[in-house]
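Here is the structure we will look at.
Protein chains get the first letters and strands the later ones, always in sequence-line order, with residue 1 at the start of each.
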Protein chains: 2
Amino acid sequence: MFEARMAQATVLKRVLEAVKDMVNEGNFDCSEEGICLQAMDVAHVSLVNVLLRGQGFEMFRCDRNLALGIQLANLSKVLNCAGKDDAVTIKAEDEGADTAEFMFESAKGDRITTFELTLMDIDSEHLGVPEDTTYTAVIKMPSNEFRRIISDLSTIGDTVTIEVSKDGASFQVAGDIGKGNLCIQSNTSADKPSDRVEITMEEPTKQTYAMRYLTFFTKAAPLSDTVTISLSPDVPLVVEFNIGEEVGFVKYYLAPKITEGDLE
Amino acid sequence: MFEARMAQATVLKRVLEAVKDMVNEGNFDCSEEGICLQAMDVAHVSLVNVLLRGQGFEMFRCDRNLALGIQLANLSKVLNCAGKDDAVTIKAEDEGADTAEFMFESAKGDRITTFELTLMDIDSEHLGVPEDTTYTAVIKMPSNEFRRIISDLSTIGDTVTIEVSKDGASFQVAGDIGKGNLCIQSNTSADKPSDRVEITMEEPTKQTYAMRYLTFFTKAAPLSDTVTISLSPDVPLVVEFNIGEEVGFVKYYLAPKITEGDLE
DNA sequence: AATCACTGGT
DNA sequence: ACCAGTGATT
């Protein structure tokens with residue numbers, strides 16, 4: 001038996017908003033640790049890794065590990081039926097469950113909605129989620145600022161070069177109408193901690209990425225006030241949004257583009 | 001070398017909002033006087049004349065006259081990447097520059113964005129901007145009120161007749177669903193000077209104009225609290241928005257429609 | 001009043 | 001997946 005209750009269904013809703021445009025289907029791997037989803041986008045270019053820890057739930061019970069194979073568009077539809085302040089309870093049988101139940105309860109308890117979502121068998125492709133990598137450059141900034149940067153620059157071109165040097169971090173783009181270059185500096189003294197920008201650099205780093213995927217990644221901004229972007233030469237970029245203090249995270253990975261500079 | 005810095009990028013942004021729907025491309029003529037843009041709409045029916053005086057800038061340096069040929073949609077895209085309180089600096093080389101640089105600096109100075117916009121050669125068609133004309137009727141009113149009048153009346157018909165007489169100014173429209181007639185009177189005693197309406201009349205004047213272009217003209221309303229509309233029989237109407245005290249202006253010209261009345 | 005963020009619709 | 005309209009916020 002698997003059963004978990006989350007006070008804020010909107011958290012789950014936002015998680016789905018953060019992945020559904022990129023990934024069609026995935027296994028929600030339930031274990032004592034929590035619920036984990038790892039999947040690649042349709043083009044197998046980028047990877048998303050979601051964890052909702054058991055302790056982030058009001059109630060969490062997982063007798064045996066199980067994988068709930070879900071069409072994300074369907075779950076998203078279901079979650080859109082949750083009210084503003086609804087709590088959500090997820091239930092599934094242990095053995096060969098072919099449905100999962102999602103129950104929404106309004107804050108006042110005067111409305112209960114349940115959905116049974118048909119599960120599917122999904123091959124859990126082996127995904128090489130990079131672990132314990134150290135990065136040569138890390139940028140922490142307000143997630144809305146990151147979203148704005150990507151949205152602005154995407155009007156100019158479809159690849160972005162991120163360069164971290166002692167001068168700060170710069171986002172560079174080139175396209176038909178011209179070039180753009182946006183620089184930000186560390187700002188560790190903003191009034192609100194969530195407005196702060198922290199750029200840490202082991203060594204100067206410059207890599208190029210496909211804008212399209214970074215645009216997908218910014219869909220997770222509503223989950224978190226801040227985002228952390230970690231890069232190193234020739235290894236996948238990580239864009240990480242933490243959920244609550246210890247509730248979980250959404251991490252995206254994206255390999256850099258091979259640029260002419262790399263061939264020299 | 002041309003270099004100019006304006007404290008409020010939003011002024012430039014609004015100027016572009018005021019012209020880009022009407023005009024596709026134009027030369028920004030830079031001289032010691034300032035930056036001037038004159039262009040006709042795509043149908044060559046109306047004319048827009050923008051001046052940003054050098055003294056309206058925090059810094060203005062123009063060693064030689066030069067014409068920056070710009071696709072207005074592209075510049076508008078770039079300006080939309082400016083933050084709310086950003087300053088903007090425009091730079092171009094003197095000789096055969098094929099790009100212009102637009103640099104935005106956030107108020108706190110912790111974010112700098114630069115764009116290099118590709119320039120193009122644009123034939124400066126000779127535009128007969130009417131000068132030193134005296135008008136038989138002039139209406140000065142709050143720009144939002146003018147915007148509202150045009151927006152309201154445009155739902156009824158596609159031409160508007162403006163009539164200034166000793167009774168005030170009236171805007172008349174006729175269409176399938178009926179007729180509209182909106183009258184305003186001088187009101188020189190409103191608390192806020194910008195709320196005042198001043199109608200001055202040399203002689204009674206009545207002319208008809210295409211609504212479509214007046215609607216374009218109202219896009220400049222965010223630039224100025226007040227608008228001045230000047231008309232005379234059989235010469236182009238002028239709709240003028242001043243920018244700041246002495247920063248510059250946006251003026252639109254539109255020839256009256258030949259109406260049956262004129263043929264009598 | 002204007003800008004931004006969010007939601008819902010195409 | 002994008003856009004536009006609406007609502008909240010400064």
Tabulate atom names and distances for all N/O pairs under 3.5 angstrom spanning the protein and nucleotides 1-3 of chain D.
{"from": "D/dA1", "atom 1": "OP1", "to": "A/Asp21", "atom 2": "O", "distance (Å)": "2.7"}
{"from": "D/dA1", "atom 1": "OP2", "to": "A/Asp21", "atom 2": "O", "distance (Å)": "3.1"}
{"from": "D/dA1", "atom 1": "OP2", "to": "A/Asp21", "atom 2": "OD1", "distance (Å)": "2.7"}
{"from": "D/dA1", "atom 1": "OP2", "to": "A/Asp21", "atom 2": "OD2", "distance (Å)": "3.4"}

Under the side-chain contact (heavy atoms from CB on, under 4.5 Å) rule, collect the residues that match up with [X], sequence neighbours excluded.
| X | value |
| --- | --- |
| B/Asn181 | B/Ser170, B/Gln172, B/Cys183 |
| A/Gln185 | none |
| A/Ala4 | A/Phe2, A/Phe57, A/Phe60 |
| A/Asn144 | A/Arg147, A/Ala221 |

Got a list of side-chain donor-acceptor pairs under 3.5 Å for residues 151-158 of chain B, not counting sequence neighbours?
{"from": "B/Asp152", "atom 1": "OD1", "to": "B/Arg148", "atom 2": "NE", "distance (Å)": "3.1"}
{"from": "B/Asp152", "atom 1": "OD2", "to": "B/Arg148", "atom 2": "NE", "distance (Å)": "3.2"}
{"from": "B/Ser154", "atom 1": "OG", "to": "B/Ile150", "atom 2": "O", "distance (Å)": "3.2"}
{"from": "B/Ser154", "atom 1": "OG", "to": "B/Ser151", "atom 2": "O", "distance (Å)": "2.8"}
{"from": "B/Thr155", "atom 1": "OG1", "to": "B/Asp152", "atom 2": "O", "distance (Å)": "2.6"}

Using atom names, set out every protein N or O paired with an N or O of nucleotides 6-10 of chain C below 3.5 Å, distance rounded to 0.1 Å.
{"from": "C/dC6", "atom 1": "OP2", "to": "A/Arg147", "atom 2": "NH2", "distance (Å)": "3.4"}

Interatomic distance where [atom1] belongs to [X] and [atom2] belongs to [N] [whole Å]:
| X | N | atom1 | atom2 | answer |
| --- | --- | --- | --- | --- |
| A/Asp195 | D/dT10 | CG | P | 12 Å |
| A/Leu223 | C/dA5 | CG | C1' | 15 Å |
| A/Glu145 | C/dC4 | CD | C1' | 15 Å |

Grab the N/O contacts between the protein and nucleotides 6-8 of chain D below 3.5 Å, and write none if there aren't any.
none

Original post:
Which residue pairs pass the salt bridge (Lys or Arg N to Asp or Glu O under 4.0 Å) test with at least one member in residues 12-22 of chain A, sequence neighbours excluded?
Top reply: A/Glu17-A/Lys20
Quick one: side chains of residues 103-112 of chain A, donor-acceptor pairs under 3.5 Å with protein atoms, not counting sequence neighbours, listed by atom name and distance.
{"from": "A/Glu105", "atom 1": "OE2", "to": "A/Arg5", "atom 2": "NH1", "distance (Å)": "2.4"}
{"from": "A/Ser106", "atom 1": "OG", "to": "A/Gly109", "atom 2": "N", "distance (Å)": "3.4"}
{"from": "A/Ser106", "atom 1": "OG", "to": "A/Asp110", "atom 2": "N", "distance (Å)": "3.2"}
{"from": "A/Ser106", "atom 1": "OG", "to": "A/Asp110", "atom 2": "OD1", "distance (Å)": "2.6"}
{"from": "A/Ser106", "atom 1": "OG", "to": "A/Arg111", "atom 2": "N", "distance (Å)": "3.1"}
{"from": "A/Arg111", "atom 1": "NH2", "to": "A/Asp86", "atom 2": "OD1", "distance (Å)": "3.2"}
{"from": "A/Arg111", "atom 1": "NH2", "to": "A/Asp86", "atom 2": "OD2", "distance (Å)": "2.6"}

Subject >> From B/Glu101 atom CD to B/Thr114 atom OG1, the distance as rounded to the nearest 0.5 Å >> reply: 5.5 Å
**OP:** For A/Asn27, check side-chain hydrogen bond (donor to acceptor under 3.5 Å, both in side chains) against everything at least two apart and list the hits.
**Re:**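 With neighbours one apart ignored, the set is empty.
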Subject >> Under the side-chain hydrogen bond (donor to acceptor under 3.5 Å, both in side chains) test, residues paired with A/Thr188 that sit two or more places apart >> reply: none
